[in-house]
Amino acid sequence: MSQAKVYVTRKLPASALDRIAAKHRLEVNPHDRVLTRAELEEAIQGIDGLLCLLTDTVDEKLLELNPDLKVIANYAVGYNNIDVPACTRRGIPVTNTPGVLDETTADFAWALLMAAARRVVEADRFTRAGKFQGWGPMLMLGEDIHGRTLGIVGLGRIGQEVARRAGGFDMKVLYHSRTRKTKEEEERLGVEYRSLPELLQESDFVSLHVPLTEKTRYLISRQELKLMKENAYLINTSRGPVVEEEALIEALRSREIAGAGLDVYEKEPEVSPGLKELDNVVLAPHIASASRATRTRMAEMAVENLLAGLEGREMENLINPEALKK
Ligand code: DGY
């Protein structure tokens with residue numbers, strides 16, 4: 001395609017945007033915020049390529065506004081914000097950014113795990129408030145991490161990186177996922193398979209790494225939380241609706257579980273007031289992949305996917321190859 005019209009829904013690292021601008025007509029969301037629905041509806045009209053974020057809902061109604069859209073590149077590995085079947089029906093290829101953020105996201109899952117177990121954020125607030133009156137045998141006791149059991153739900157690329165890091169803490173690592181790994185893979189990764197209920201019952205830390213689908217929505221709900229140990233922690237860096245937030249608040253409030261570390265929320269960016277009131281939960285604003293290097297790599301990958309789609313080249317991270325058959 002000669003010169004295409006491209007819309008990018010949020011400012012990205014300049015090096016990536018320059019690649020688009022060098023060849024095509026580029027427009028970027030001028031605001032330092034997520035586009036409103038009305039703005040997104042306006043932006044999509046008349047363009048050939050859309051580079052969007054996980055905060056942009058790309059549904060059937062939006063697609064209807066541009067029957068000529070040629071490609072959608074999502075700036076995220078998760079793509080639950082996009083109605084992929086609807087794109088496929090219209091012959092629109094959709095791409096994501098897998099692989100480049102695995103280690104950074106795994107690092108952050110560990111940061112949340114450690115912060116929750118050792119009360120790092122609470123301790124910081126306590127110290128700043130001038131409450132530190134001297135060393136105390138019972139001051140801010142938390143839970144050990146080393147030697148404990150880590151349960152990983154979803155052993156994809158990110159889950160595997162989380163598992164690998166557990167080796168440094170001499171942990172036993174359990175996993176549950178849709179498809180069980182081969183014996184050789186389990187040995188190589190140092191992990192043992194469990195059913196979800198077994199994993200919840202045995203783990204001291206449960207870390208979630210599943211995509212959001214109709215099957216994983218509310219995967220962790222009241223009943224699952226009840227299976228967890230009293231001194232266990234839940235870590236979520238996947239998607240908010242994988243956990244029933246109200247049930248989690250209840251479990252944290254009544255100390256049915258010891259604590260949680262959350263990067264994602266059921267009604268993001270809304271954070272339930274109940275969560276904010278609790279000391280035994282560490283809250284982060286969906287930043288697990290937010291390292292300078294990773295966000296740059298994600299931008300480069302999304303741009304490469306978009307350009308490949310516009311120029312008829314093979315898209316390395318194509319989610320819906322069936323779209324090309326339309
Ligand atoms: C993703 O990529 O899906 C993350 O949630 C943001 O990096």
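Sequential numbering from 1 along the given sequence is applied to the chain's residues. These numbers were taken from a predicted model, which means no experiment stands behind them. Each ligand, and each atom within it, is numbered from 1 in the order the structure gives.
Ion pairing of E41 with R37 is present here, as a side-chain N (NZ or NE/NH1/NH2) and a carboxylate O approach within less than 4.0 Å. Residues R19 and E304 are paired through a salt bridge, judged by an N-O separation under 4.0 Å between the basic side chain and the carboxylate. In summary, E256 and R222 do not engage in a salt bridge, as defined by a charged side-chain N under 4.0 Å from a carboxylate O.
By the criterion of a heavy-atom distance under 4.0 Å, the side chain of L101, and not its backbone, is placed next to ligand 1. Neither the backbone nor the side chain of V264 comes within 4.0 Å of ligand 1, counting heavy atoms alone.
Of the candidates L150, I235, T237, W110 forms a side-chain contact (heavy atoms from CB on, under 4.5 Å) with just one, namely L150.
Interface of A76 with ligand 1, defined as ligand atoms under 4.0 Å from a residue heavy atom, comprises 1 (C), 2 (O), 3 (O). Close approach to M298 involves these atoms of ligand 1, each under 4.0 Å from a residue heavy atom: 7 (O). The contact set between ligand 1 and S289, taken as ligand atoms under 4.0 Å from a residue heavy atom, comprises 6 (C), 7 (O). Using a 4.0 Å cut-off to heavy atoms of R239, the atoms of ligand 1 that qualify are 1 (C), 3 (O), 4 (C), 5 (O).
When only interatomic distances are considered, the shortest N/O to N/O separation between H286 and ligand 1 falls below 3.5 Å. Between V77 and ligand 1, an N or O atom pair is found at a separation short of 3.5 Å.
Ring pair Y193/Y175: centre-to-centre distance below 6.0 Å.
A donor-acceptor pair under 3.5 Å is formed between the side chain of E266 and the backbone N or O of E245.
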